Amino acid sequence: MFGLELSFIWAGIIAFAVLVYVILDGFDLGVGILFPLAKTEQDRDVMMNSVAPIWDGNETWLVLGGGGLFAVFPLAYAVVMPALYVPIILMLLALIFRGVAFEYRWRTKRWKRLWDFAFFGGSLVAAFSQGMALGGLVQGIEVVNRGYAGGWWDWLSPFSLLTGLAVATGYALLGATWLVMKLEGDIHDKMRRIAQPLGLATLVFLGLVSVFTPLQDEVYFQRWFSGGSLAFVVVVPVLVLLCAAGLWKGLRGGGDHLPFFSALGFFVLGFIGIGISFYPMIVPPSLTIVEAAAPDSSLGFALVGTVILIPIILAYTAYAYWVFRGKIDPSEGYH
């Protein structure tokens, strides 16, 4: 019985790490996606400086989620990796290329435009790849005899392309609202204007993904439209509309912080919806959390270190955001 509890505790920890990564690195990638829209070099500098102190710390949560999956759900890791190898490798390469661009663009004059493009391209590819990987996972992975039984390109489908566009658009919205919160002047006003169509596009994509997800597998349909989950069919859309109202109110002059936190609400609600669809599966449609879990001794041993580590990471992350709070002063660059 205790082993079952450990499995679900670890599933919650990994889900939490992935959600925190999406929240924190989402606006970071969104700033990169919006990079070409800045007209002047000074605008690009302040856009990058808005995330420069915290971008690498944000990706700690990706390492925690991926490493945790490998350590405590090895069967799920062994199935998911070959199924989604292409989008995952594209994402990692894009994040590496983007990280190099972060530093190199400040050290060169001649090639600065190249590294600006690398920052944009790496951000866009990473965001789109994450969305496609999510779509490939949601549409289901074929498992036979506890191993992946599909092909190299099974993840590629109209649904995964839709989720790729949805995630990239949502990240761009997060980036725009982050810049509204952190910047001043013309670039602030421009991002406020850009955030409005991005908000509408994100709502449309959120609606489309919500409609097509239950059609990917009968398990999802039964999960959403029967039993206790039926209440969420009403509650979640209402909460989404409340977030949309907050976003529009903020963008129309209701403060610089409200749009960002309203946009975050879209992602939190979307993540909750995916959790409802998946539970108790970890690799849909057939591999459950309990089936994929490591031995109880491994789960318990890893949990001891994680219980110590996560509060430290949370404290460091909170401190970093506190130190670099407030508007960015263009005359005081981070680099």
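Owing to the predicted nature of the structure, the values given are computational and were not obtained by experimental measurement.
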Closest heavy-atom contact between [X] and [Y]?
X    : Y    : result
T202 : G170 : OG1-CA, 3.7 Å
V125 : L90  : CG1-O, 4.1 Å
A244 : L203 : CB-CD1, 3.8 Å
L258 : G250 : CD2-N, 3.9 Å
Y148 : A83  : CE1-CB, 3.5 Å

Does a sphere of radius 6.0 Å around [atom1] in [X] hold more than 12 heavy atoms from other residues, nucleotides or ligands, not counting ones at 6.0 Å or beyond?
X    : atom1 : value
Y321 : OH    : yes
F271 : CZ    : yes
R325 : CZ    : yes

For the side chain of [X] and the backbone of [Y], is there at least one donor-acceptor N/O pair under 3.5 Å apart?
X    : Y    : answer
Q196 : R193 : no
D154 : G151 : yes
S298 : A294 : no
N49  : D45  : yes

In terms of side-chain geometry, is the basic nitrogen of D186 or K39 positioned less than 4.0 Å from the acidic oxygen of its partner?
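Salt bridge absent between D186 and K39.
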
Charged N-O contact under 4.0 Å between D256 and R192
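The answer is yes: the pair qualifies as a salt bridge.
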
Less than 4.5 Å apart, side chain to side chain, heavy atoms only: is that true for [X] and [Y]?
X    : Y    : value
K182 : M47  : no
L314 : W61  : yes
V20  : T317 : no
W248 : L200 : yes
L179 : H188 : no
L69  : I282 : yes
K327 : M181 : no
L137 : W155 : no

Report whether V290 and L75 are members of the same hydrophobic cluster (ILVMFWY, side-chain heavy atoms less than 4.5 Å apart, transitive linking).
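In one cluster with V290: L75, yes.
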
Is the [X] to [Y] ring centre distance short of 6.0 Å?
X   : Y    : answer
F35 : F119 : yes
F73 : W10  : no
F27 : Y171 : no

Could you please spell out the steps behind the side chain to side chain contact (heavy atoms under 4.5 Å, CB included) verdict for L269 and C243?
CA-CA 10 Å; L269 291 170; C243 289; 4.0 Å; yes

Atom CG of L134 and atom CZ of F159: how far apart are they, to the nearest 0.5 Å?
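Reported to 0.5 Å precision, the distance equals 7.0 Å.
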
From T177 atom OG1 to L264 atom CG, the distance as rounded to the nearest 0.5 Å
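Going from the OG1 atom of T177 to the CG atom of L264 covers 7.0 Å.
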
Step-by-step side chain to side chain contact (heavy atoms under 4.5 Å, CB included) determination, M81 to I88
CA-CA 8 Å; M81 280 301 296; I88 289 175; 3.8 Å; yes

Go through the steps for R105 and R44 under the test side chain to side chain contact (heavy atoms under 4.5 Å, CB included), then give the verdict.
CA-CA 11 Å; R105 78 173 299 273; R44 288 189 289 273; 4.1 Å; yes

Check: S157/Q139 side-chain N/O donor and acceptor closer than 3.5 Å:
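Side chains of S157 and Q139: pair found under 3.5 Å.
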
Apply side chain to side chain contact (heavy atoms under 4.5 Å, CB included) to the pair W115 and V100, showing each step before the final yes or no.
CA-CA 8 Å; W115 292 113; V100 173; 3.9 Å; yes

